[in-house]
Amino acid sequence: MGMEEETLAADGSAHYRLRCGPEHEGGPGVAHGGWISGVFVEIVGHLAVQMEQLAVTGALSVTYRKPVPINRPLTARAWLAGKDGGKWTVEGSIHLASSGTELAHATALLVEREMSHYTRAREWLGREEAGSDGTA
Ligand SMILES: CCCCCCCCCCCCCC(=O)SCCNC(=O)CCNC(=O)[C@H](O)C(C)(C)COP(=O)(O)OP(=O)(O)OC[C@H]1O[C@@H](n2cnc3c(N)ncnc32)[C@H](O)[C@@H]1OP(=O)(O)O
C-alpha cells in the first residue's frame, strides 16, 4: 500500500510515512479512493496487531477531504479512540507531508476475534457453496 516507515509513539498511536504510486491513480494525478480506504484498513488493523489482539474490521467510514496526490510524501496516523468490550473504535488520518494538512479521515470499528474465526469462515463458505446450484 506504499508504506515506507512505521513508528509507534509512547501514547500507543502509530505513525507512517507513505506514498501513493501511479498504479493507484484514480484521476489525473490523484489517488483512487479505494487505495485510500485500503490504507485505512491496513493502519487501523495494524494497530490491533501491535497490541497483540486479533481483530477484524466490522465497519469503516472514510471522509475524503481533499484529493490525495500521487508521487508525493504523505503521512498517516492511527489511534485507539475507544473500547467497548471486544469492540474497538480506531481512527486514522492521512496528511500531506509538506504542509501537514489532513486529506482524509477514517473511523473504524474493529471486532476482536479468536483464530477460530477463520475456521468458522471456511465452514460457513462450505455450507454456502453446498447450498448453491452454481447459477448465482
Ligand atoms: C508498514 C507496516 C504495515 C503493516 C501492515 C500489516 C497489515 C496488518 C493489518 C491488516 C488488517 C486487515 C484487517 C481486515 O482486512 S479484516 C477483513 C475485512 N473484514 C472482514 O472480513 C469482517 C467480515 N465480517 C465478519 O466477520 C463479522 O461480520 C464480524 C466479525 C465483523 C462481526 O460478526 P458478529 O456480528 O457475528 O460478531 P459478534 O456477534 O461477536 O459481535 C460483536 C459485537 O460487534 C458488533 N458489530 C459487529 N459488526 C458490527 C458493525 N459492522 N457495526 C456495528 N457493530 C457491529 C455486534 O453488534 C456485537 O456488539 P455487542 O452485541 O457485543 O454490543
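Everything numeric here is computed off the predicted structure, so don't read it as measured data. In listed order, ligands and their atoms are each counted from 1.
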[atom] - nearest protein heavy atom and its distance:
| atom | value |
| --- | --- |
| atom 29 (C) of ligand 1 | Val56 CG2, 4.5 Å |
| atom 26 (O) of ligand 1 | His117 CE1, 3.1 Å |
| atom 12 (C) of ligand 1 | Val41 CG1, 4.0 Å |
| atom 49 (C) of ligand 1 | Leu109 CD2, 3.5 Å |
| atom 6 (C) of ligand 1 | His46 CD2, 3.4 Å |
| atom 1 (C) of ligand 1 | Met3 CB, 3.8 Å |
| atom 38 (P) of ligand 1 | Arg113 NH2, 3.5 Å |

*Can His105 and Glu91 be counted as having a side-chain donor-acceptor contact under 3.5 angstrom?*
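A pair is found: one side chain offers a donor N or O, the other an acceptor, under 3.5 Å apart.
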*Is it the case that Thr119 and His117 place a side-chain donor and acceptor less than 3.5 Å from each other?*
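The answer is no; no qualifying pair exists.
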Is [X] in polar range of ligand 1, meaning some N or O pair under 3.5 Å apart?
| X | answer |
| --- | --- |
| Ala55 | no |
| Glu42 | no |
| Lys87 | yes |

*Any non-hydrogen protein atom less than 4.0 Å away from atom 23 (C) of ligand 1*: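 No.
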*asked:* Going by a strict under-4.0 Å cutoff (protein heavy atoms only), does atom 15 (O) of ligand 1 have a neighbour on the protein?
replied: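 True for atom 15 (O) of ligand 1.
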*May I ask you to decide if Met1's main-chain N or O and Trp35's side chain share a donor-acceptor pair within less than 3.5 Å?*
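Such a contact is found between Trp35 side chain and Met1 backbone.
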*Counting each atom of ligand 1 from 1 as listed, which ones have a heavy atom of Gly58 under 4.0 Å away?*
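Selected atoms, number and element: 31 (C), 51 (N).
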*Taking only heavy atoms of Gly45 into account, list the atoms of ligand 1 that are under 4.0 Å away from them.*
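Those of ligand 1 that fall under 4.0 Å from Gly45 are 9 (C), 11 (C).
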